[in-house]
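Taking it in order: structure first as structure tokens, then the write-up.
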Amino acid sequence: MNDFKKQLDQIDIPKSLHKRSLQGIEQAQQKSKRWMPKILTVAVTIAAGGFIALSVGEHNTRQQQSSGLLVESLSSPILYWSIAIFLMIMTIFIAKMAIRKGIDNKLSIAMGFIMTLLLGNSAFYLQNQLPRPITVPLVQDFYSNNETYGFTIHYITNKNDQRFVKHLQVDNLTLLARYYGEVENKGILNFPEGVTNEGSHQFMREAYFVGNKEEIQTLIKSKEVFLVLDDGEKLPTTLQINFDHSDKELKGFVGTSGSFAGDETVTFVMTQDVVFDTVNIPEKLNRSISFTEMKVNEIVYTEKDFPIAVKKGQRVLISFKFNDSGMDVHAKVGISGPDGMLPIWMHREASFNIPKIREEIEKYD
């Protein structure tokens, strides 16, 4: 056996044959590597194509793509993040296999990193897209102005959604939306016309409506109210509307003041002797507006001090405070008694807080 091994060691392999053997080995190795770059190239191309499809192109087509992919539930972002994470794991797995098969480590890591960024960006974009526009709940207290009554409803759309509210529909009643911008642009295509606020992915827009007394009364009595977009889609909206207060308003208004903290104060000088025993706040605003205090000639009273007697000529200050709210508010509050009411108008547009607005919609549905 040892003699046979020695004889093999003594065999002299020609240099040309040795060179051909090395070339054959190298070609076999290169052939085994070819499929890995192709897989990575296809994967990166698909990810880049998906990202481009979501970020460029015709606006309406883009809106249909993103809205069609999302389901109308708050769990849709979880679905897209799950898909993105799965694809990222697959990217890492493929890159790891490529490294084992001999592909250049730096190239493999760079391609995997690029694909991960594209997938992550697309998932983040989809997570922040609304399945459909959101309408902001409205608390509105109407008052007469030459027999017409106006109110504004805010709604939130994705920035690439160029649809607009065309009219409000209640049973057989239709109120056309009015815009302050150019008619041909419907007041929304050129920022800031019709846009009251701007977020990273959405616009908050407004639609203004005007109706006569009969139309507003029909609106008040209806339980289902819809905003209708220009493509015919209906968006259910929530309205809390009061109309024609029965309490007589007392005279003596002097002035009003407010602060950025949400405090509103109105000053009156009484023209008669009165007694106040009740704070008036609409039921659905109890969480959004609170009574702060009442001052009579600098003496401070709170709600627990009612009833409070006030004499003619005394100076009365009543103060209310806004709390955080996901609703548009234009409502009348105040204090009242047997002789009438001292009113204060509270006006606040909903903050651009989509989770808060969703919470308000769910609470009143």
Side-chain angles (χ1 to χ4, degrees), residues 136-145 149 151-154 220 238-353 356-357 359-364:
V136 177
L138 172 70
V139 176
Q140 179 78 32
D141 196 330
F142 289 100
Y143 58 96
S144 176
N145 181 15
Y149 306 83
F151 60 98
T152 300
I153 295 181
H154 286 87
I220 293 170
T238 305
L239 306 179
Q240 169 64 20
I241 302 173
N242 299 317
F243 190 66
D244 291 341
H245 282 273
S246 57
D247 287 342
K248 179 180 69 174
E249 293 186 9
L250 295 172
K251 296 180 179 179
F253 173 77
V254 175
T256 183
S257 62
S259 70
F260 290 107
D263 298 303
E264 295 286 342
T265 300
V266 175
T267 303
F268 299 86
V269 174
M270 302 314 302
T271 59
Q272 65 186 75
D273 294 345
V274 294
V275 175
F276 299 107
D277 55 18
T278 304
V279 175
N280 296 95
I281 299 177
E283 181 181 353
K284 290 191 176 181
L285 283 176
N286 283 333
R287 295 184 180 181
S288 302
I289 297 177
S290 58
F291 175 71
T292 306
E293 64 182 18
M294 170 182 174
K295 288 184 179 180
V296 181
N297 287 357
E298 301 305 320
I299 300 176
V300 178
Y301 299 95
T302 61
E303 191 170 359
K304 66 181 180 180
D305 297 317
F306 285 115
I308 301 170
V310 181
K311 295 183 179 180
K312 180 180 178 179
Q314 287 187 315
R315 191 180 186 87
V316 177
L317 282 75
I318 56 173
S319 300
F320 287 80
K321 181 178 178 61
F322 263 116
N323 305 312
D324 185 28
S325 175
M327 298 184 296
D328 277 347
V329 177
H330 183 204
K332 182 165 60 176
V333 299
I335 58 174
S336 62
D339 298 309
M341 175 182 182
L342 291 182
I344 175 172
W345 284 95
M346 303 292 284
H347 179 76
R348 173 70 64 86
E349 293 180 356
S351 60
F352 200 173
N353 186 334
K356 182 67 178 179
I357 291 170
E359 177 186 324
E360 294 290 343
I361 293 173
E362 292 172 359
K363 184 169 65 177
Y364 293 129

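All figures in this text were calculated on a predicted structure; none of them were measured in a lab. For the numbers below, each heavy atom of this structure counts, side chains included, while hydrogens, waters and symmetry mates do not.
- Minimum interatomic distance between Ile357 and Pro137 (heavy atoms only, all atoms of both residues): CG2-CD, 4.0 Å.
- For the ring pair (Phe, Tyr, Trp, His ring centres under 6.0 Å) test, no residue two or more places apart in sequence or in another chain qualifies with Phe276.
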Practice item. Take Phe320 and Val266 through the test side-chain contact (heavy atoms from CB on, under 4.5 Å) and record every step on the way to the result. Key: CA-CA 9 Å; Phe320 287 80; Val266 175; over 6 Å; no
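- Taking CE of Met270 as the start and CD of Gln314 as the end, the distance is 9.5 Å to the nearest 0.5 Å.
- Contact of the Lys332 side chain with the Met346 side chain is not registered, since no non-hydrogen atoms from C-beta on lie closer than 4.5 Å.
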Please tabulate, for the side chains in residues 292-301, all donor-acceptor contacts under 3.5 angstrom to protein atoms that are two or more places apart in sequence or on a different chain.
residue, atom, partner, partner atom, Å
Asn297, OD1, Arg315, N, 3.0

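- Between the NE2 atom in His154 and the CE atom in Met327 there is a gap of 14.5 Å [rounded to 0.5 Å].
- Atom CG of Leu317 and atom OG of Ser257 lie 7.5 Å apart (nearest 0.5 Å).
- Asp263 meets the salt bridge (charged side-chain N to carboxylate O under 4.0 Å, His left out) test with Lys321; sequence neighbours excluded.
- Listed by chain and number, the residues in a side chain to side chain contact (heavy atoms under 4.5 Å, CB included) with Gln272 are Leu250, Val274, Asp339 (sequence neighbours excluded).
- Leu342 has its side chain within reach of Val316: a pair of non-hydrogen atoms, C-beta onward, lies under 4.5 Å apart.
- Using a 4.5 Å heavy-atom threshold, the side chains of Glu264 and Thr256 count as touching.
- Here Thr302 pairs with Lys304, Asp305 under the side chain to side chain contact (heavy atoms under 4.5 Å, CB included) rule; sequence neighbours left out.
- Closest of all the heavy-atom pairs between Ala350 and Val136 is CB-CG1, 3.5 Å.
- In terms of the side chain to side chain donor-acceptor pair (under 3.5 Å) criterion, Asn323 has no residue partners (sequence neighbours excluded).
- Between Gln240 atom CD and Asp328 atom CG the span is 14.0 Å, to the nearest 0.5 Å.
- Across all non-hydrogen atoms, the minimal contact from Ser336 to Asn280 is OG-OD1, 2.6 Å.
- Remark: Ser290 pairs with no residue by the side chain to side chain donor-acceptor pair (under 3.5 Å) rule, at least two apart or across chains.
- Using a 4.5 Å heavy-atom threshold, the side chains of His330 and Val139 count as separate.
- Annotation: ring pair (Phe, Tyr, Trp, His ring centres under 6.0 Å) contacts of Phe151 (sequence neighbours excluded): Phe142, Phe209.
- The structure places CD1 of Ile344 at 5.5 Å from CD1 of Ile318, a figure rounded to the nearest 0.5 Å.
- For Pro307, the side chain to side chain contact (heavy atoms under 4.5 Å, CB included) partners are Val275, Asp277, not counting sequence neighbours.
- Counting only heavy atoms from C-beta outward, the side chains of Val333 and Pro282 approach each other to under 4.5 Å.
- The heavy-atom pair separating Ala331 from Leu285 by the smallest distance is CB-CD1, 3.6 Å.
- Using cut-offs of 30° and 60° on the angle between ring planes, the pair Phe253 and Phe268 is perpendicular.
- Note on residues 250-259: no pairs pass salt bridge (Lys or Arg N to Asp or Glu O under 4.0 Å), not counting sequence neighbours.
- Atom OG1 of Thr238 and atom CD1 of Ile153 lie 10.0 Å apart (nearest 0.5 Å).
- The aromatic rings of Phe291 and Phe306 lie tilted to each other, with the angle between the two planes from 30° to 60°.
- With sequence neighbours excluded, the residues forming a side chain to side chain contact (heavy atoms under 4.5 Å, CB included) with Ser351 are Asp324, Asn353, listed by chain and number.
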